[in-house]
Asks: 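Once you've had a glance at the structure underneath, I'll fire off some questions.
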Amino acid sequence: MAISRTVSRAELLEPVHKLPREAFAHLPTALEEAPRLREALGPGAPRILVKRDDQTGLAFGGNKVRHLEFRLADIRQRGATALTIMNAAVSNHARLHTALAARFGLSSHILKVPSSHDHPVNGNLLLARMMGAHVVDGSSDDPETLNREYQEMITRLESEGHTVYDTVSDPFSTIAGACAYLIGTVELLEQLDELDVNPDHIFLVSGASAAGLVLAGKLLGERYRVHAVNIGDQVDPANLVLDFSNRTARHLGFDVEITTDDFDASTEYGHPGYAQPSDKTMEAIRLAAQTEALIFDPVYTGKSFAAVIGEMRKGNIGPEDTVVFIHTGGTPNPFSFSDELLAAL
Ligand SMILES: Cc1ncc(COP(=O)(O)O)c(C=O)c1O
């Protein structure tokens, strides 16, 4: 079903503001011009504005701090005492949920998916441990085994008297991010209004945040194109964004159906795989750091910015275009990749 009419910004936000939310993020985040980065990319480069969602204020920040405002209220309403998480060492999700637990008096339990970045303990995993995460090592990277071990962890916590909030599969938890980015979109559009800019493209890592930008754009009738960049070689980003955006629309009562025509879902910049940077990832990280002191990372934003460079080089984006790049965070991750980064510099 196509959308019957567009809505105003106030109409978009009305049902979102009815959801329980505890505000603690540092908002609005800055929107910064990146002229030296543009110059370094050559005459074909678009105007680049960077939305600094890496600076949302909780334990190194990131896009997920916006999501956590909704999740915290939900966690409290349900009387949960323990957060369960299943992620790899480089996970920002695990670090930021542990930060939430530390700050608001909950306990955090991570089933850690084994990966080549487990040792030495650094970056996100080090921060999660510093903030008191209880980390259980997954015995293999086989998804079935991990799911079984994760369920065992939940059962154990419940038998110990905890009320568990399962951040991996709880239905509201998985769309909290898209709800948060409806607000994030309006915040961004207001900043763009002040600059008198109508952006052509918005680039960010594929996921719930991207789903929020896609849904908001369609409901508001905005012309920007969202590029939801896949950062691995396994998850199909189109399905992920479709699932999150359509479930969020239904949750909030919007009569709209997001389809794959509503956004771009590139898979080419995720190669060779999750947490495996390519030369393109490293080029994006080096250029952003050396021209604007922007810290991108080898797992997430290095890949989403590599997509900006790649689409420019293919001629899909040109000097007449304005690109908004959402810096979704991940800034502790370079510390887990020091050898690879030094070699690439
Ligand atoms: C830095 C960063 N950006 C983007 C994402 C994308 O996911 P979402 O929008 O669902 O948080 C993640 C998820 O782990 C992330 O850590």
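Note that this is a predicted model, so its numbers are computed, not measured. We count ligands from 1, going down the list as the structure has it; atoms in each ligand are counted the same way.
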Asks: Between V205, V241, N92, D54, flag the one that comes closest to atom 1 (C) of ligand 1 by a heavy atom.
Replies: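 The option holding the nearest heavy atom is N92.
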Asks: I'd like to know if E320 and R47 make a salt bridge, using a cut-off of under 4.0 Å between side-chain N and carboxylate O.
Replies: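 So E320 does not pair with R47 through a salt bridge.
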Asks: Looking at CG of L68 and CZ of F104, how far apart are the two atoms once the value is rounded to the nearest 0.5 Å?
Replies: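 CZ of F104 is found 9.0 Å from CG of L68.
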Asks: Show me which atoms of ligand 1 lie under 4.0 Å from any heavy atom of G329.
Replies: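 Those qualifying, in numeric order: 1 (C).
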Asks: Which heavy-atom pair separates T29 from D53 by the least distance, and what is that distance?
Replies: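 Shortest heavy-atom contact: OG1-OD1, 2.6 Å.
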Asks: When you measure from atom 10 (O) of ligand 1 to every protein heavy atom, which one gives the shortest distance, and what is it?
Replies: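 Atom 10 (O) of ligand 1 sits closest to the protein heavy atom A208 N, 2.8 Å.
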Asks: Any atom of ligand 1 sitting under 4.0 Å from a heavy atom of G62?
Replies: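 It does not, in that no heavy atom of G62 comes within the 4.0 Å cut-off of ligand 1.
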Asks: How close do L41 and A45 get, heavy atom to heavy atom, and via which atoms?
Replies: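 Closest heavy-atom pair between L41 and A45: CB-CB, 3.7 Å.
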Asks: Does atom CG of D279 have more than 12 heavy-atom neighbours from other groups under 6.0 Å away?
Replies: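 Check fails, neighbour count at 12 or below.
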Asks: What protein heavy atom lies closest to atom 9 (O) of ligand 1? Include the residue and the distance to one decimal.
Replies: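 The closest one turns out to be S209 OG, 2.6 Å.
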Asks: Looking at ligand 1, does S91 have a heavy atom less than 4.0 Å from it?
Replies: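 No, that is not the case, since the closest heavy atom of the residue is not under 4.0 Å from the ligand.
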Asks: Consider only side-chain heavy atoms of I, L, V, M, F, W and Y, link residues closer than 4.5 Å, and tell whether L96 and F60 are in one cluster.
Replies: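 L96 and F60: separate clusters.
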Asks: Is a side-chain donor or acceptor of Q77 paired with a backbone partner of P20 at a separation under 3.5 angstrom?
Replies: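 Checked: no pair found.
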Asks: Could an N or O of ligand 1 be found under 3.5 Å from any N or O of N63, whether backbone or side chain?
Replies: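 Among all N and O atoms of N63, at least one is under 3.5 Å from an N or O of ligand 1.
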Asks: What atoms of ligand 1 come closer than 4.0 angstrom to any heavy atom of S206?
Replies: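 Close to S206: 6 (C), 7 (O).
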Asks: Would you mind checking which non-hydrogen protein atom is closest to atom 3 (N) of ligand 1, with the distance to 0.1 Å?
Replies: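 It is T328 OG1, 2.6 Å.
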Asks: Does K64 reach ligand 1, in the sense of a heavy atom lying below 4.0 Å from it?
Replies: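 So K64 counts as touching ligand 1.
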